[in-house]
Student: 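To start, I am sharing the structure in question, which I have written as structure tokens.
Residue numbers start from 1 in every chain, and the chains themselves are labelled A, B, ... in the order their sequence lines are given, proteins ahead of strands.
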Protein chains: 2
Amino acid sequence: MSVELVQERNSDQRRGGTVDFVVQHLVDGILHGRFAPGQRLVARDLTEEMGVSRGSVREAFRLMAADGLVDLVPNKGVTVRRLSRHQTRDLFEIREVLEGLAAKLAAQRINVNDNRAMFESMWRTVRPRGHHLAWDIFIEHNRLFHRTIVSVGGNLLLKDAIDKLQLPIMMVQVGRMMADENIQQSENDHATIADAILDGDPGRAAEAMQNHLRELADWVLALPDSAFKREEN
Amino acid sequence: MSVELVQERNSDQRRGGTVDFVVQHLVDGILHGRFAPGQRLVARDLTEEMGVSRGSVREAFRLMAADGLVDLVPNKGVTVRRLSRHQTRDLFEIREVLEGLAAKLAAQRINVNDNRAMFESMWRTVRPRGHHLAWDIFIEHNRLFHRTIVSVGGNLLLKDAIDKLQLPIMMVQVGRMMADENIQQSENDHATIADAILDGDPGRAAEAMQNHLRELADWVLALPDSAFKREEN
DNA sequence: CGAATATGATTGTAGGACAATTTTGACAGA
DNA sequence: TCTGTCAAAATTGTCCTACAATCATATTCG
């Protein structure tokens with residue numbers, strides 16, 4: 001039924017990108033559910049699967065562990081990270097201030113260069129239109145929305161910092177449970193945030209963003225224990 | 001004149017910590033000025049210097065690159081990171097909200113468990129005493145102060161996030177220019193922050209911390225171009 | 001059935017090999 | 001003296017092999 005889809009590395013690719021290739025393969029696999037949270041990643045299997053050396057795989061593991069995408073336990077190996085309820089709460093607290101900052105900066109800088117054009121272009125494609133939105137499309141819209149805000153904000157390090165917040169993991173872990181009402185709510189929030197940014201009102205933008213994330217956090221944290229990794233304390 | 005101080009790896013150390021050993025050696029070297037910002041790190045030199053394999057060194061490079069401590073350019077190698085003025089500003093913006101959050105959380109949780117005891121103990125050792133403080137002692141106090149606040153705040157991921165903010169780099173790059181007046185000012189700020197936290201006033205704590213960092217940022221950003229990496233745009 | 005043990009799998013680390021690429025240093029010409 | 005060119009040397013990226021330490025699993029024994 002299913003074709004053995006072996007992703008061998010395109011060998012005409014330039015030297016120097018092997019590790020990145022491995023990382024992307026793994027991230028992709030996580031996002032598409034091919035590697036489930038908690039699953040162990042065996043180095044040698046991956047070397048065969050992708051036709052790269054074990055050294056490159058290990059480097060990719062280190063990188064991803066530093067970014068919090070996997071857990072690396074000495075002598076035991078690497079597993080796709082799963083967040084506990086506590087960690088999820090901590091993560092949202094951080095996300096709230098970082099994305100709040102991003103929204104504030106975006107509102108401050110909406111009128112420099114072609115920021116307004118960029119933002120409006122994004123907003124035209126993700127603006128709520130009332131009709132039902134499939135989960136994976138919403139996820140895509142959501143990502144684009146948040147990334148554009150960070151981008152307009154103009155703080156490059158902030159982009160990295162937010163990227164390193166293991167959001168993909170959380171979304172995979174938790175996102176499939178999102179119901180239509182949540183999507184609806186999020187889209188409304190987005191509209192409020194977009195308004196504030198387009199108005200160039202930093203305070204209102206930051207607050208709207210923080211409210212948005214706090215709501216989302218409340219909903220996520222109300223999920224049953226089964227959605228989270230067991231607390232290990 | 002100078003003794004050839006070769007830090008060979010203590011071989012009775014348990015298996016599984018080689019990479020961490022390399023990282024620590026490098027971070028130490030950076031902090032102590034043995035590796036200057038901008039300096040290139042040659043893999044093979046390090047393998048000989050520390051008696052570890054090249055693979056381990058490469059893994060350490062990846063880790064540090066992910067943490068922003070070094071720049072890793074394909075085919076060219078690894079250099080100790082140097083921040084541009086722009087990056088420094090971006091960094092302070094992020095630090096302001098993250099440490100502001102830490103201070104807020106600390107004030108909220110100062111009365112749970114033995115947090116108050118821990119905080120007061122820290123504060124007894126770093127509290128300003130009026131007499132002149134050497135730069136490196138101040139740096140140590142400063143680190144302890146900020147880390148304790150994060151710790152009392154109780155958000156473990158926040159600790160990681162702040163650690164990954166390349167503060168060591170910035171301090172090395174910029175810190176040696178700190179004059180007594182800056183140290184004085186910082187110590188005053190610390191007292192204000194500590195008061196707010198001990199009073200359990202989250203809003204005041206966060207604001208005091210943010211003010212502290214904003215002042216520091218203003219001072220750092222007023223330094224001459226020579227303190228920063230050339231802007232590459 | 002539970003505990004001890006043997007067996008196999010996987011990791012951590014060292015080290016060699018070799019082509020791709022960059023850096024260095026020498027050299028000729030302006 | 002400066003500058004561009006080119007070969008030599010150094011360094012990187014990647015793969016490979018090897019082997020002990022450690023973990024996971026199956027098996028045997030009580």
Student: Work out which heavy atom in B/Ile183 is nearest to a heavy atom in B/Trp135; give both atom names and the distance.
Tutor: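 Scanning both residues, the minimum pair turns out to be CD1-CA, 4.3 Å.
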Student: With a 4.0 Å cutoff (strictly under), does any side-chain N or O of A/Arg54 reach OP1 or OP2 of D/dC16?
Tutor: no
Student: A/Thr18 side chain N/O closer than 4.0 Å to the phosphate oxygens (OP1, OP2) of D/dT14?
Tutor: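 So the side chain of A/Thr18 is within the cut-off, an N or O lying under 4.0 Å from OP1 or OP2 of D/dT14.
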Student: Nearest whole angstrom, please: distance from the C1' of D/dT12 to the CG of B/Leu46.
Tutor: 14 Å
Student: Is any side-chain nitrogen or oxygen of B/Ser53 closer than 4.0 Å to OP1 or OP2 of C/dT13?
Tutor: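 Looking at the OP1 and OP2 atoms of C/dT13, neither is under 4.0 Å from any side-chain N or O of B/Ser53.
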Student: Of A/Gly55 and B/Arg40, whose nearest nucleotide on DNA chain D comes first from the 5' end?
Tutor: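 The residue closer to the strand's 5' end, by nearest nucleotide, is B/Arg40.
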Student: Can you check whether A/His141 and A/His146 have ring centres sitting under 6.0 Å from each other?
Tutor: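 No, ring centres 6.0 Å or more apart.
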Student: Please check the phosphate of C/dA14 (OP1 and OP2 only) for any side-chain N or O of B/Ser56 closer than 4.0 Å.
Tutor: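 The answer is yes; a side-chain N or O of B/Ser56 sits under 4.0 Å from OP1 or OP2.
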Student: Output the rounded distance in Å from CZ (A/Phe61) to P (C/dT11).
Tutor: 7 Å
Student: Phosphate oxygens OP1/OP2 of C/dT21: is one of them under 4.0 Å from a side-chain N or O of A/Arg15?
Tutor: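 For C/dT21, neither OP1 nor OP2 has a side-chain N or O of A/Arg15 closer than 4.0 Å.
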Student: Out of C/dT21, D/dT22, D/dC15, which nucleotide sits closest to the side chain of A/Asn75?
Tutor: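 Among the listed nucleotides, the one closest to the side chain of A/Asn75 is D/dT22.
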Student: Send over the distance from A/Arg44 CZ to C/dG12 C1', rounded to a whole Å.
Tutor: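 Going from A/Arg44 (CZ) to C/dG12 (C1'), I get 15 Å.
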Student: Look at atom NZ of A/Lys229 and say whether more than 12 heavy atoms of other residues, nucleotides or ligands are closer to it than 6.0 Å.
Tutor: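 Atom NZ in A/Lys229 is crowded, with more than 12 foreign heavy atoms closer than 6.0 Å.
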Student: So that I can tick it off, tell me whether B/Glu96 and B/Arg214 are bridged by a salt bridge, with the cut-off set at under 4.0 angstrom between side-chain N and carboxylate O.
Tutor: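 Judged by the 4.0 Å cut-off on N to carboxylate O distance, B/Arg214 and B/Glu96 do form a salt bridge.
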Student: Specify the separation, in whole Å, of atom CD of A/Glu59 and atom C1' of C/dT13.
Tutor: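 For the pair A/Glu59 CD and C/dT13 C1', the rounded distance is 14 Å.
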Student: For a quick test of reading the model: is some side-chain N or O of B/Lys76 closer than 4.0 Å to OP1 or OP2 of D/dT12?
Tutor: no
Student: Students often get this wrong, so: under 4.0 angstrom with heavy atoms, is A/Leu41 touching a base, only sugar-phosphate, or nothing?
Tutor: sugar-phosphate
